[in-house]
Protein chains: 2
Amino acid sequence: MYTALYNHIRKYVAFADADAAALEPYLYKKEVKRKEILLKPGQVCKDHYFVKKGLVRMYLMDEKDTEKITTFAIENWWVTDNDSFITGQPTEYYMQAIEACELIYIKAAERDALFKTVPAYESYTRMIAERALVAYQRRVNFINMMSDEERYRFFVESFPGFLQRVPQYMLASYLGFTPQFMSKIRAKR
Amino acid sequence: MYTALYNHIRKYVAFADADAAALEPYLYKKEVKRKEILLKPGQVCKDHYFVKKGLVRMYLMDEKDTEKITTFAIENWWVTDNDSFITGQPTEYYMQAIEACELIYIKAAERDALFKTVPAYESYTRMIAERALVAYQRRVNFINMMSDEERYRFFVESFPGFLQRVPQYMLASYLGFTPQFMSKIRAKR
DNA sequence: CCGATTTCTTAAACTGGTTTCATTTTTTGA
DNA sequence: TCAAAAAATGAAACCAGTTTAAGAAATCGG
């Protein structure tokens with residue numbers, strides 16, 4: 001049932017069947033439909049989701065009611081509002097399934113007990129956090145070093161399959177510009 | 001000698017004197033002068049630095065030889081090129097002391113042994129990584145939601161003391177605009 | 001399979017921030 | 001303490017990306 005997650009964990013740490021058995025009571029499942037909302041502003045983000053199947057996004061609404069997408073999560077990625085999940089403060093984010101999803105998740109309230117019971121899981125969590133940190137660092141680099149147009153072309157070349165899964169206007173939002181500007185760029189070549 | 005670090009660790013995890021004794025063989029000290037370079041592109045970032053005293057920045061050079069500052073680290077912050085430190089790939093960053101610094105650091109090569117010897121230190125490292133993640137998330141939020149001018153005013157109001165420690169052009173670089181634009185804004189009010 | 005909704009495109013006027021170049025002010029270290 | 005270097009300012013021309021508004025194309029769900 002949770003083998004997708006166990007396989008992922010085993011890429012990072014030694015994880016015996018006994019560890020899996022100890023972990024299982026802390027794991028939960030959720031299936032969501034296309035467009036279903038998993039979190040909205042004002043709520044506390046109590047779960048950390050592992051995407052077994054599907055595609056999730058997180059976004060903010062700005063003062064002009066425009067969506068600003070900050071995160072996409074596909075298969076084998078973890079997604080949460082780290083801020084709310086860790087501090088317990090209410091979130092400012094929406095989290096929504098773009099495609100129908102199968103999710104595995106753990107609960108914030110049970111995290112300390114889980115780490116105590118399965119230390120290998122804490123090592124894994126540390127490594128996942130560090131890997132997310134590297135991703136954020138690369139992203140700030142990316143924003144600093146490239147113009148909007150360069151970022152678009154780089155993204156499309158680096159992740160060609162991704163464009164098939166999200167509408168263009170969402171990619172525009174994620175990359176930080178308008179759909180109109182994206183059309184302008186695309187018309188060029 | 002390392003009490004500043006121990007005090008910081010104790011804000012996050014239970015950390016007995018025995019833990020401190022076990023940790024100490026893995027800790028190193030470094031004193032650097034104002035403007036001294038700690039890391040430059042092409043090198044592998046082998047250390048994770050804790051700023052006991054002073055102020056460090058990380059920056060990139062763009063194709064026009066302009067500095068793009070990505071990180072400032074002050075007292076009680078950890079700083080490293082996470083990407084290079086974790087993957088062992090050569091860095092693209094410069095790391096430089098803005099003020100004379102007293103640093104404490106650990107070595108990438110000894111990290112696994114350290115985590116094994118002092119598990120509480122791994123928990124602490126996880127929490128530090130998660131906290132850095134929250135900082136990055138807030139920063140992407142910040143970039144998404146505010147114009148350059150708004151970001152400047154927000155930053156100056158939120159961290160008034162910081163302006164005394166870094167030249168304005170460095171803050172401009174960190175916030176993603178030119179010194180000229182900063183002068184323009186400042187002249188307004 | 002078709003009407004409703006969502007997504008994509010085009011175009012013109014506009015603006016926030018850059019570039020270039022020159023000058024002034026401040027800081028530094030010998 | 002003073003010359004040299006570093007940092008800050010100013011102004012004008014410019015440009016990358018936005019805004020507004022409208023129509024066309026694609027997709028979805030009943």
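Just so it is clear: chains get the letters A, B, ... in the order the sequence lines come, proteins before strands, and each one is counted from 1. Heavy-atom basis, side chains included; hydrogens, waters and symmetry copies ignored.
Summarising the geometry, the separation between OH on Tyr169(B) and P on dG10(D) is reported as 20 Å, rounded to the nearest angstrom. A straight line from CG of Leu175(A) to C1' of dA16(D) spans 15 Å, rounded to a whole angstrom. When rounded to the nearest whole Å, the span between CD1 of Ile143(B) and P of dG17(C) equals 13 Å. Per the geometry, CE belonging to Met170(A) stands 14 Å off P belonging to dT27(D), to the nearest Å. Between the CG atom of Asp62(B) and the P atom of dT18(C) there is a distance of 12 Å, given to the nearest Å. Distance, Asp148(B) CG to dG17(D) P: 13 Å, rounded to whole Å. Between Arg186(A) atom CZ and dG17(D) atom C1' there is a gap of 17 Å when expressed in whole angstrom units. Rounded to an integer number of Å, the gap from Glu99(B) CD to dT28(C) C1' is 15 Å.
Side-chain nitrogen and oxygen atoms of Gln168(B) include none within less than 4.0 Å of the OP1 or OP2 phosphate oxygen of dA6(D). Between Thr178(B) and dT18(C) there is a side-chain polar atom (N or O) within less than 4.0 angstrom of OP1 or OP2.
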Where do Arg57(A) and Tyr174(A) land on the side chain to side chain donor-acceptor pair (under 3.5 Å) test, with the steps shown first? CA-CA 10 Å; Arg57(A) 66 169 176 152; Tyr174(A) 178 75; over 6 Å; no

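In this structure, Tyr121(A) has its ring center at least 6.0 angstrom away from the ring center of Tyr26(A). Between Phe154(B) and Phe142(B), a ring centre-to-centre spacing shorter than 6.0 Å is recorded.
Asn7(B) places no side-chain N or O within 3.5 Å of a backbone atom of Ala4(B) that could act as its donor or acceptor partner. Listed for the Glu130(B) side chain is no donor-acceptor partner under 3.5 Å among the backbone atoms of Ile86(A).
In this structure, Phe155(A) and Phe162(A) have perpendicular ring planes: the angle between them is above 60°, well past the 30° mark.
Listed candidates were dG17(D), dA8(D), dG17(C). Nearest to the side chain of Ser147(B) is dG17(C). The side chain of Ser183(B) approaches dA8(D) more closely than any other nucleotide in the set dT18(D), dT19(C), dA8(D). Here the side chain of Pro167(B) is nearest to one of dA8(D), dT18(D), dT9(D), namely dA8(D). For Ala187(A), the listed nucleotide lying nearest its side chain is dT10(C); candidates were dT18(D), dT10(C), dT9(D).
For dT19(C), its base never sits under 3.5 Å from the side chain of Gln180(B) at any donor and acceptor pair. The base of dT18(D) lies close enough to the side chain of Lys184(A) for a donor and an acceptor atom to sit less than 3.5 Å apart.
Counting any heavy atom pair closer than 4.0 Å across all strands shown, Phe177(B) reaches sugar-phosphate atoms only and no base atom.
Heavy atoms of other residues, nucleotides or ligands lying less than 6.0 angstrom from NZ of Lys46(B) number 12 at most.
Near DNA chain D, meaning a heavy atom under 4.0 Å away, there are no residues from residues 32-39 of chain B.
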